[in-house]
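Notes follow the structure.
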Amino acid sequence: MNFLLSVAFVLCWSSGFIGAKLGAGSASAVTVLMWRFLPLAVVLIVVAAVSGTSWRGLTPRDVARQAAIGVLSQSGYLLTVYWAIGLGVSSGTTALIDGVQPLVAGALAGPLLRQYVSRGQWLGLCLGVAGVAIVTTADATAGTGAAWWAYLVPFLGMFSLVAATFLESRGGSRVAPAVSMTVHCVTSAVVFTALAVATGAARPPAELSFWMAITWLVVLSTFGGYGLYWLILRRSGVTKVNTLMFLMAPVTAVWGALMFGEPFGPQAALGLAVGLVAVVIVHRGDAAPARVCAGGAGARRNRSARQVAAGSPERHAYERSGGGRWR
């Protein structure tokens, strides 16, 4: 089941980069994002009002926390992705830069969440970043017309999504996926509608291609991509769900080459292969820490038992206090 969820997640999440490219041809980023979330938010509010069960016991603090996660994981992340693609960065390279997420998440998972990364996993994470660097360099030298600083924009979105991931993982009461999805989408609808109105970009174009792109983004990217992201995060942890980001690049780059004629040369293929190897290494290295920790804990327990049996200070203190013989 986890394998099937991972495959579905990679396909749905990568579809968002393609949908962004489709929408960029007929409207600005904020227009696409406004109409991606506004109708969806209305539908989700109606569904929430009819069902109501999952909302019982939800506190204002829970809603505020989910709204903050929505701003980071959807509003901040998507705005930078669409902005980068609008500046000329290819959809495949944007997906690859997002692939740096596992390294950042792995570095922070230990001190923040106590989810430590093994040496093998660190090797895989560093390989994944190397793959990102290879493909980004290939795209930047392919004459796409994007300014050098445009390649920094997706990094802002990457950090925004990592921040949302850690905010979701750090304690707090568990919220049903339907509830969190509703709060995230309503928050994004408010943010992007305000931006579109303020910039005079609220009116949608009449082209059929625009509404096809909106349907693509709502069905595949929002329900499929974001829904599966939070589900896998809860089931498998931060490192594993973020490592799957390395796989977005192959899928997105192939789609971009087939649908939009984006460059896909030998250097790009090499970088994608490195990213695939990185995912395999990280997932295979997940079992090692458990064995080491189990062995270390067992050794400590055995050592403590031997010390007590041989006459440890704790045993003598117990007997001197009148507690009888140590058992």
Side-chain angles (χ1 to χ4, degrees), residues 12-13 15-17 19-20 23 27-84 98 101 153-154 156-199 201-202 204 213-234 241:
C12 290
W13 191 277
S15 72
F17 299 99
S28 66
V30 290
T31 306
V32 174
L33 289 168
M34 171 186 169
W35 290 102
R36 170 179 174 174
F37 285 103
L38 189 58
L40 179 59
V42 173
V43 172
L44 290 175
I45 289 173
V46 171
V47 171
V50 171
S51 63
T53 306
S54 348
W55 294 80
R56 293 173 184 171
L58 201 66
T59 66
R61 183 176 181 180
D62 293 330
V63 176
R65 183 166 171 267
Q66 289 300 318
I69 293 172
V71 169
L72 292 168
S73 68
Q74 289 188 346
S75 305
Y77 173 73
L78 290 173
L79 191 59
T80 56
V81 167
Y82 281 57
W83 184 21
D98 282 340
Q101 286 183 51
V153 174
L156 298 176
M158 178 270 295
F159 282 112
S160 183
L161 185 57
V162 169
T165 302
F166 280 97
L167 183 58
E168 168 67 22
S169 301
R170 283 184 63 84
S173 57
R174 288 294 182 184
V175 177
V179 174
S180 60
M181 175 71 73
T182 301
V183 176
H184 295 177
C185 290
V186 170
T187 303
S188 296
V190 171
V191 170
F192 292 128
T193 300
L195 285 174
V197 171
T199 57
I214 295 298
T215 304
W216 174 297
L217 289 167
V218 169
V219 175
L220 293 178
S221 307
T222 303
F223 282 114
Y226 279 100
L228 289 171
Y229 181 87
W230 299 116
L231 177 61
I232 297 173
L233 173 67
R234 293 183 179 183
V241 71

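Computed from heavy atoms alone, side chains included, the values below leave out hydrogens, waters and symmetry copies. Note that the coordinates shown come from a computational prediction; the quantities given were computed from them, not determined experimentally.
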Study note, to complete from the structure: Between the OH atom in Tyr77 and the OH atom in Tyr82, the distance rounded to the nearest 0.5 Å is 10.0 Å
Practice item. Compare every heavy atom of Ala196 with every heavy atom of Met34, then report the nearest pair and how far apart it is. Key: SD-CB, 3.5 Å
Point to revise | Thr80 versus Gly157, closest heavy-atom pair with distance | key: OG1-CA, 2.9 Å
**Study point:** Donor-acceptor pair, side chain of Ser221 and main chain of Val218, under 3.5 angstrom
**Key:** no
**Study point:** Sole candidate of Leu195, Leu78, Val81, Leu38 that passes side chain to side chain contact (heavy atoms under 4.5 Å, CB included) when paired with Leu33
**Key:** Leu78
Point to revise | Spacing of OG1 belonging to Thr222 relative to CZ belonging to Phe37, to within rounding of 0.5 Å | key: 4.5 Å
**Study point:** Residue list, side chain to side chain contact (heavy atoms under 4.5 Å, CB included) with Val219, at least two apart or on another chain
**Key:** Thr215
**Study point:** Residues that Thr199 engages under side chain to side chain contact (heavy atoms under 4.5 Å, CB included), provided they are two or more places apart
**Key:** Val30, Ala201
Check your understanding: If you take all heavy atoms of Leu217 and Ala20, which pair is closest and at what distance?
Key -> CD2-N, 4.0 Å
Point to revise | Contact list for residues 176-187, test side-chain hydrogen bond (donor to acceptor under 3.5 Å, both in side chains), sequence neighbours left out | key: Gln66-His184
Exercise for review: Report yes or no: does Arg36 contribute a side-chain atom to a donor-acceptor pair with the main-chain N or O of Ala213 at less than 3.5 Å?
Suggested key: no
Under 3.5 Å, side-chain donor or acceptor atoms of residues 67-74 against the rest of the protein: list the pairs with distances, not counting sequence neighbours.
unit_1: Ser73; atom_1: OG; unit_2: Ile69; atom_2: O; d: 2.8
unit_1: Gln74; atom_1: OE1; unit_2: Ser188; atom_2: OG; d: 2.8

Practice item. Report the C-alpha separation of Phe223 and Leu40 in whole Å, then their side-chain angles, then the decisive distance to 0.1 Å, and conclude whether the side-chain contact (heavy atoms from CB on, under 4.5 Å) test is met. Key: CA-CA 10 Å; Phe223 282 114; Leu40 179 59; 3.3 Å; yes
Check your understanding: Of all residues at least two apart in sequence or in a different chain, which pass the side chain to side chain contact (heavy atoms under 4.5 Å, CB included) check with Leu220?
Key -> Ser15, Trp216
Point to revise | Nearest-0.5 Å distance that lies between atom SG in Cys185 and atom CZ in Phe192 | key: 10.5 Å
Exercise for review: Please list, chain by chain and in numerical order, all residues satisfying side chain to side chain contact (heavy atoms under 4.5 Å, CB included) with Ala194, sequence neighbours excluded.
Suggested key: none
